[in-house]
Amino acid sequence: MSEPMDIVIVGLTITSSWGNGHATTYRALVRELCEQGHRVLFLERDKPWYRENRDLLTPPWGRTELYESLEELRDTYGANLRQADAVILGSYVPEGALAAQWVLGEARGVRAFYDIDTPVTLANLARGGTDYLTAAQIGQYDLYLSFTGGPTLELIERRYGSPCARPLYCSVDPSAYYPEPTERLWDLGYLGTYAEDRQPVLESLLNTPARACPERRFIVAGPMYPSGIEWAENVDRIDHLPPSEHRSFYNRQRFTLNATRAEMVRLGYSPSVRLFEAAACGTPIISDPWEGLDSVFTPGEEILVARSPEECLGHLRDMSDTARQAVGERGRQRVLAEHTATHRAAELIAHLQEAARLRRSAGTAAL
């Protein structure tokens, strides 16, 4: 057991899961860090779109504070950042690059960037940058935590000068996601916010199979889908599903679909939180293929892969309930063994400790 750490996280949001995957990731991580004895302050920019859609106003773990501006962040919480053992600044934080200039200069502990959007970040940096990170800042952080693993980590170190790039995938809380006996209402479902580059996958692997199987039921849950999308008549729609209803949603599906954004497919090694949530419920997953998927689940045993509407239909039509349930159970066991929030919190502390050692070594070498 490591010594308790004081950790400050400046993240996009922990109070609202509306239209983003950050909140559930931070909730699981902060809860487990506190369970393991660490002290966490989470700082969130108070934005109207999250203010109007908050589903966890006061997280019960650690301490959460909202701030209105960078000036308030500096003036009110500057002492917290300077005294912390580690300060973690997340991707998509409003004016995050400006906040980083101050954090990198003031924080005395480990300074880490947590990229929950690594493929998008790198694509934007190649086009000139983002408002939450500049290319020059990557080498100034002691640690780059990435939602994408594999070869991308080496690229971040080699091309952008990070002294320590490590994977920190999303995770799942097995006390919130587990199998439960209920009626299977849908043959195949999908949960996720609309993304233009992901919609072709959803069209191919859900909407097209739905048109080919009018006797079966399908569902898509998530916000921001344009009104012009022509869903098959047997595709149900839910605009927003709060995390409290995710377990029930997965348990009412025979299969669930994992559809990956184009940039994440390009880089690979980018599992989504929905992947782990569904697997923890014992719901068998049909996924589009991407490099690194086999490092998370074993295809054909713990997860099913579909490259076309026909392959997806084959899984729906041809797999017996016994075989289907076996895939779901094997996927669940893999998640419980490797991908819970408890695993991630321990990994984070190990990465922070490694970065602290590297920083001390670099300081000693410079003397």
Side-chain angles (χ1 to χ4, degrees), residues 1-12 22 25-26 28-30 32-34 36-43 62 77-78 80-93 96-97 99-118 121-122 125 132-171 269-270 341-367:
M1 181 70 179
S2 60
E3 288 294 318
M5 297 181 70
D6 284 305
I7 301 171
V8 175
I9 301 175
V10 185
L12 175 64
H22 292 235
T25 294
Y26 283 129
L29 195 59
V30 171
E32 285 301 322
L33 287 169
C34 293
Q36 294 176 22
H38 305 287
R39 296 169 292 272
V40 182
L41 168 63
F42 191 96
L43 300 174
Y77 304 106
N80 298 94
L81 269 72
R82 286 188 290 272
Q83 295 166 9
D85 297 304
V87 179
I88 302 170
L89 188 60
S91 55
Y92 272 87
V93 167
Q101 292 178 10
W102 169 61
V103 169
L104 290 168
E106 292 290 320
R108 299 167 186 167
V110 174
R111 303 158 302 173
F113 181 74
Y114 190 12
D115 202 341
I116 293 178
D117 310 276
T118 308
T121 298
L122 294 181
L125 288 176
Y132 59 84
L133 180 71
T134 68
Q137 287 172 343
I138 294 177
Q140 298 174 49
Y141 280 105
D142 303 304
L143 175 63
Y144 195 111
L145 299 164
S146 172
F147 247 40
T148 298
T152 296
L153 300 173
E154 182 182 350
L155 180 147
I156 291 169
E157 292 182 347
R158 185 184 69 254
R159 180 179 298 177
Y160 293 103
S162 170
C164 185
R166 297 292 181 267
L168 193 68
Y169 294 144
C170 48
S171 64
Y269 296 88
S270 300
T342 302
H343 292 103
R344 292 297 178 265
E347 290 170 7
L348 171 59
I349 296 302
H351 293 328
L352 292 172
Q353 292 172 337
E354 179 188 11
R357 290 193 299 270
L358 291 172
R359 182 176 173 179
R360 288 194 297 268
S361 298
T364 303
L367 295 177

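Each residue takes its place number in the sequence, starting with 1.
Under the 3.5 Å distance criterion, with hydrogens and angles disregarded, no donor-acceptor pair is assigned to the side chains of Tyr144 and Thr118.
Every residue was checked against the ring pair (Phe, Tyr, Trp, His ring centres under 6.0 Å) condition with Tyr77, not counting sequence neighbours, and none meets it. Applying the side chain to side chain contact (heavy atoms under 4.5 Å, CB included) rule to Ala28 yields the partners Arg31, Ser171, Ala341; only residues at least two apart in sequence or on another chain are considered. In terms of the ring pair (Phe, Tyr, Trp, His ring centres under 6.0 Å) criterion, residue partners of Tyr141 (sequence neighbours excluded) are, by chain and number, Phe113. Partners of Val10 under the side chain to side chain contact (heavy atoms under 4.5 Å, CB included) rule, at least two apart in sequence or in another chain, are Val8, Leu43, Tyr67, Leu89, Val93. In this structure, the salt bridge (Lys or Arg N to Asp or Glu O under 4.0 Å) partners of Asp142, at least two apart in sequence or on a different chain, are Arg111, Arg359. Evaluation of the side chain to side chain donor-acceptor pair (under 3.5 Å) rule for Asp6 yields Arg39 as partners, not counting sequence neighbours. His351 is linked by a side chain to side chain donor-acceptor pair (under 3.5 Å) to nothing, counting only residues two or more places apart in sequence or in another chain. Checked against side chain to side chain contact (heavy atoms under 4.5 Å, CB included), Leu153 has the following partners two or more places apart in sequence or in another chain: Ser146, Ala165, Pro167. Scored by the side chain to side chain contact (heavy atoms under 4.5 Å, CB included) test, Cys164 finds Leu143, Arg166, Glu354, Leu358 as partners (sequence neighbours excluded). Under the side chain to side chain donor-acceptor pair (under 3.5 Å) criterion, Glu32 pairs with Thr342, sequence neighbours left out. The salt bridge (Lys or Arg N to Asp or Glu O under 4.0 Å) check on Arg357 picks up nothing, with sequence neighbours excluded. In this view, Glu347 and Arg344 satisfy the salt bridge (Lys or Arg N to Asp or Glu O under 4.0 Å) rule, not counting sequence neighbours.
Contact of the Leu29 side chain with the Val40 side chain is not registered, since no non-hydrogen atoms from C-beta on lie closer than 4.5 Å.
For the residue pair Gly139 and Pro163, the shortest heavy atom distance occurs at O-CD, 3.9 Å. Residues Asp117 and Tyr92 approach most closely at OD2-CD1, 3.1 Å, considering heavy atoms. Nearest heavy atoms, Phe147 versus Cys170: CZ-CB, 3.3 Å. Looking at every heavy atom in both residues, Pro151 comes nearest to Tyr269 through CD-CE1, 3.7 Å.
Once rounded to the nearest 0.5 Å, the distance linking CD of Gln83 with CZ of Arg108 reads 7.5 Å. Of the inter-residue distances, the one linking Ser91 atom OG with Ile116 atom CD1 reads 5.0 Å to the nearest 0.5 angstrom. Atom CG of residue Leu352 and atom CE of residue Met5 lie 5.0 Å apart, to the nearest 0.5 angstrom. Once rounded to the nearest 0.5 Å, the distance linking OG1 of Thr121 with CG of Leu133 reads 6.5 Å. In this structure, CG in Asp115 is found 10.5 Å from OG1 in Thr152, a value given to the nearest 0.5 Å. In this structure, the separation between OH on Tyr160 and OG1 on Thr134 is 11.0 Å, given to the nearest 0.5 Å.
Remark: side-chain polar atoms of Tyr114 are paired, donor with acceptor, to backbone N or O of Leu168 under 3.5 angstrom.
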Given Ile138 and Leu125, is the side-chain contact (heavy atoms from CB on, under 4.5 Å) satisfied, shown in steps?
CA-CA 11 Å; Ile138 294 177; Leu125 288 176; 3.7 Å; yes

